[in-house]
Amino acid sequence: MVASIKPYADELALGDGRMLIGGKWVTAVAGATWSHTHPATGEQVASFPLAGADDVDLAVRAARRAFDEGPWPRERAGERGRVLRAIADLVREHGDELLRLQALDNSVPLSFGEIYATSPAFVADVFDHHAGWTDKLAGETLPPYQGGDHMVLTLREPVGVVGAVIPWNAPLPLFAQKVAPALAAGCTIVLKPSEYATFAVLRLARLIAEESGLPEGVLNVVTGPGEPTGDALISHPMVDKLSFTGSRAVGRKVMTAAARDCKRVSLELGGKSPAVVFDDADVGTAAAVTMGTVTLGLSGQVCAAQTRALVHRDAMEEFLVAAQMIAGMVSYGNPFDPEVTSAPLINPRQLDRVLGLIGRGQEEGARLVFGGTREAGDLAAGNFVTPTLFADVSNDMSIAREEIFGPVLSVIPFGDEDEAVRLANDTEYGLAATVWTSDVRRAMRMTRAIRAGTVGINGYQLEPNSPFGGFRQSGMGREGSRAAIESYTELKTVLLPLTDEMM
Ligand code: NAD
């Protein structure tokens, strides 16, 4: 048996059963709640409000009032920057607590939370990065195009009320990637976390609401599942912009909802990203990093995970041996145990889906090198799947086309650079890729040829100021960097005739 999660829930004083609307901590109007089941043990951890359409309406109206009448959209750049930096400090100060809450949410092991890209340090740095933009969000002065004396200016103004919806796998970084640029631009927000990862987000929202100096109603958090809570938020006519991170299937619904009122929309969706490994690369490192992303930490439940390893035929043997070694390091169990390396799948539905896709891989003729089963014995109460490696995969098989979101790597052989490019781009997605080679020219040729939002060369490490987002069905828009903050603004053009003839 995996040790019970309950003592940690008690220690962290979870579940006062409230969400944040208009500066107040409230239960749902109808009194409904959602009970969270821990993915490693199957225990009920605590419950939180299940917001219905009425609750979402209250939250959106609070954000609307804060935008139309409150100080935040009209605030001085210096003050906005100060508040964002205060949030960054709060995240640093409460980092351990937030990580422990996240382990209660989604069972991401504490050991993994110390890796920079998923750490509180990263979350804090995202707020600091966007704080730096507050006083640089400038318009332009354009030269007169034809005769007459006049001025044309542009202003960057906040887009308005933002409806943000985030998934469960990295709740704190994804909260930051939406809330930081929206606040920096002067927007007000209603955010819905995933029903599978609520506690860490609620705690961070409480720190922000009570200790950062952000005015009431600027940040609102409604809790509950996609339907009714998420649906009510994306459909609300008073929301100006939707910012969504999650699956492609729900992303399509968000885009459809946005179309009804011509809302602005940003989408960060899934991927089926390639790691392209040439025979002149450090093949052992390439295999370790690729298999590591698919099995350690979040167990492959990572949007940018490179789950298709395209491996040169001459490097195949070495790649498979090194990948197996990494899979041997996986240790499942209670996320608070420092020896545990990897998370379970988030829920039984996802467990069934992953096992179903593994079955399809075998039926369609891929070679199962190892894994492919549900963990039994002590781990039977959790949603654990053994680390899984498929070789001899062809790119038209289901395991090469569908985002599995589990500890499954599909290895596809290739013979030359042209074939590698064709295979890498033969996907509906385009989120990320890595190229592994010691030839710098080849690395750059491949980087230009691959249709993906982020390409790593001999490694993959995102920074808080790196633009991140997808080509094709992996989404639209970018998080991080100037592109992110500008996506929370409208561009206004000011026409000023300086003489009577121009009026
Ligand atoms: P999901 O799409 O099932 O859920 C995401 C969010 O949408 C949750 O808060 C959920 O409650 C909400 N939702 C569900 N149905 C809804 C509806 N009808 N209306 C409004 N909201 C609704 O995704 P998930 O399982 O939580 O997360 C995994 C997915 O997220 C994967 O596809 C992964 O690739 C993607 N992801 C992408 C990025 C990125 O930056 N590109 C980052 C992390 C995860």
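Ligands are counted one by one from 1 in listed order, and the atoms in each one are counted from 1 as well. Quick caveat, the model's predicted, so the values are computed rather than measured. Basis for what follows: all heavy atoms, side chains included, without hydrogens, waters or symmetry-related copies.
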**Request:** Sort out the contact shell of ligand 1: every protein residue with a heavy-atom distance below 4.0 Å, listed by chain and number.
**Result:**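 Within 4.0 Å of ligand 1, protein side: Val165, Ile166, Pro167, Trp168, Asn169, Leu174, Lys192, Pro193, Ser194, Glu195, Pro225, Gly226, Glu227, Gly230, Asp231, Ile234, Phe244, Thr245, Gly246, Ser247, Val250, Lys253, Glu268, Leu269, Gly270, Cys303, Glu403, Phe405, Leu431, Phe468.
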
**Asked** Are Gln473 and Arg252 close enough that a side-chain donor and a side-chain acceptor fall under 3.5 Å?
**Response**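 Yes.
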
**Prompt:** Going by atom types alone, do Ser398 and Arg360 pair a side-chain donor with an acceptor below 3.5 Å?
**Reply:**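 Yes.
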
**Item:** With Lys241 via salt bridge (charged side-chain N to carboxylate O under 4.0 Å, His left out) - residues at least two apart
**Value:**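 Lys241 satisfies salt bridge (charged side-chain N to carboxylate O under 4.0 Å, His left out) with no residue once adjacent residues are dropped.
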
**Asked** Does a side-chain N-to-carboxylate-O contact under 4.0 Å join Glu479 and Lys178?
**Response**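 So Glu479 pairs with Lys178 through a salt bridge.
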
**Request:** Could you tell me whether the side chain of Tyr488 reaches within less than 4.5 Å of the side chain of Ser243, counting heavy atoms only?
**Result:**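 A side-chain contact under 4.5 Å exists here.
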
**Item:** Asp96 atom CG, over 12 foreign heavy atoms within 6.0 Å
**Value:**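 Counting other residues, nucleotides and ligands, CG of Asp96 stays at 12 neighbours or fewer.
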
